[in-house]
Amino acid sequence: MRILGIDPGLRSTGWGVIQCDNFGLQHIANGSIQPRSTLPDADRLQAIFEGLHDVIFQCRPEQAAIEQIFVAKSAGSALRLGMARGVGLLACGVNGIVVEEISARAVKKAVAGTGAADKKQVQDMVNRLLSVSAKNADAADALAIAIATSNDAG
């Protein structure tokens, strides 16, 4: 099964695609969508949608997972993060892909063995499990989301 992981954000939306089958996990692709910070929110959301749509078209995932909102610095931050999540859900929905929502704690536990793992531990485990260095921290988080989801899919 091919799984798309999405780490949503208005500044940077990370994405990672893995293949999960009887042979284990295989890295397919990863990256991030980083709309220009000078753009209005509507244009940034469009860029995220179009970027995810392109990833879905090129990589053909059969399932997707997106990180749940767990905490935000302010109500405004939570709202903006929620908009990015909504666009990720929409991009998958219009392409007929079922999306699982997963907590950051569950991702950390599945990938690093503890829900209290820090970002570096998660990135190191992603590197070990997939034998690849993610393009950036958001892409590593997205790959971790896909890996955590593969535990249920495989």
Side-chain angles (χ1 to χ4, degrees), residues 1-35 44-72 78 80-154:
M1 167 154 315
R2 198 165 277 203
I3 302 169
L4 167 65
I6 303 170
D7 181 35
L10 207 52
R11 287 188 193 130
S12 179
T13 291
W15 60 269
V17 180
I18 64 168
Q19 180 74 33
C20 170
D21 55 30
N22 293 339
F23 302 106
L25 300 175
Q26 177 186 1
H27 172 262
I28 302 299
N30 75 85
S32 63
I33 303 154
Q34 299 175 331
R44 292 168 90 174
L45 293 167
Q46 181 179 352
I48 293 166
F49 175 82
E50 290 171 353
L52 288 173
H53 183 74
D54 289 347
V55 167
I56 291 167
F57 180 77
Q58 291 174 13
C59 296
R60 303 282 186 214
E62 300 157 276
Q63 181 179 347
I66 193 165
E67 189 173 70
Q68 292 174 337
I69 296 176
F70 62 100
V71 69
R80 296 178 90 221
L81 179 57
M83 290 188 300
R85 281 187 82 251
V87 166
L89 292 167
L90 176 65
C92 293
V94 299
N95 284 286
I97 300 170
V98 174
V99 184
E100 178 179 323
E101 298 183 49
I102 188 166
S103 72
R105 187 169 187 77
V107 171
K108 291 174 184 180
K109 185 170 174 64
V111 174
T114 174
D118 64 28
K119 278 192 167 290
K120 175 93 171 89
Q121 287 173 298
V122 171
Q123 289 174 4
D124 288 347
M125 285 307 298
V126 166
N127 189 6
R128 284 186 196 166
L129 291 168
L130 298 176
S131 300
V132 67
S133 291
K135 295 192 176 169
N136 60 35
D138 297 311
D141 287 348
L143 286 168
I145 291 165
I147 291 167
T149 303
S150 76
N151 293 338
D152 295 331

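Here the CG atom belonging to Leu25 is positioned 6.0 Å from the CG atom belonging to Leu130, to the nearest 0.5 angstrom. Atoms CE and CD1, from Met83 and Ile48 in turn, are 9.0 Å apart once rounded to the nearest 0.5 Å. Distance check: Trp15 CH2 to Leu143 CG gives 8.5 Å after rounding to the nearest 0.5 Å. Once rounded to the nearest 0.5 Å, the distance linking CG of Asn136 with CG of Asp141 reads 9.0 Å. Going from atom CG of Leu10 over to atom CG of Leu81 covers 9.0 Å, rounded to the nearest 0.5 Å. Here the CD-CD1 distance, from Glu100 to Ile3, works out to 8.5 Å after rounding to the nearest 0.5 Å.
For the pair His27 and Ser131, the minimum side-chain heavy-atom distance is 4.5 Å or more. In this structure, Arg85 and Glu67 have side chains that are not in contact, with every pair of non-hydrogen atoms separated by 4.5 Å or more. Taking 4.5 Å as the limit, every side-chain heavy atom of Leu4 sits out of range of all side-chain heavy atoms of Ile97. Considering only heavy atoms from C-beta on, Ile6 stays 4.5 Å or farther from Ile145 through its side chain.
Counting all heavy atoms, side chain and backbone alike, Ile18 lies closest to Ser150 at CD1-CB, 4.0 Å. Considering all non-hydrogen atoms of both residues, Ala117 and Lys108 come closest at O-CD, 3.2 Å. In terms of heavy atoms, Arg2 sits closest to Arg60 at CD-O, 3.7 Å.
Under the 4.0 Å criterion applied to side-chain N and carboxylate O atoms, Arg128 and Asp124 are not assigned as salt-bridge partners.
Remark: the backbone N or O of Ala91 is paired with a side-chain donor or acceptor of Asn95 at under 3.5 angstrom. Side-chain atoms of Glu50 never come within 3.5 Å of backbone atoms of Ala47 as a donor-acceptor pair (strictly under, hydrogens ignored).
Side chain to side chain, Asp138 and Ser32 fail the donor-acceptor criterion of an N or O pair below 3.5 Å.
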Discussion item. For Cys92 and Ile66: C-alpha separation, side-chain torsions, deciding distance, then whether side chain to side chain contact (heavy atoms under 4.5 Å, CB included) applies.
Written reply: CA-CA 10 Å; Cys92 293; Ile66 193 165; over 6 Å; no
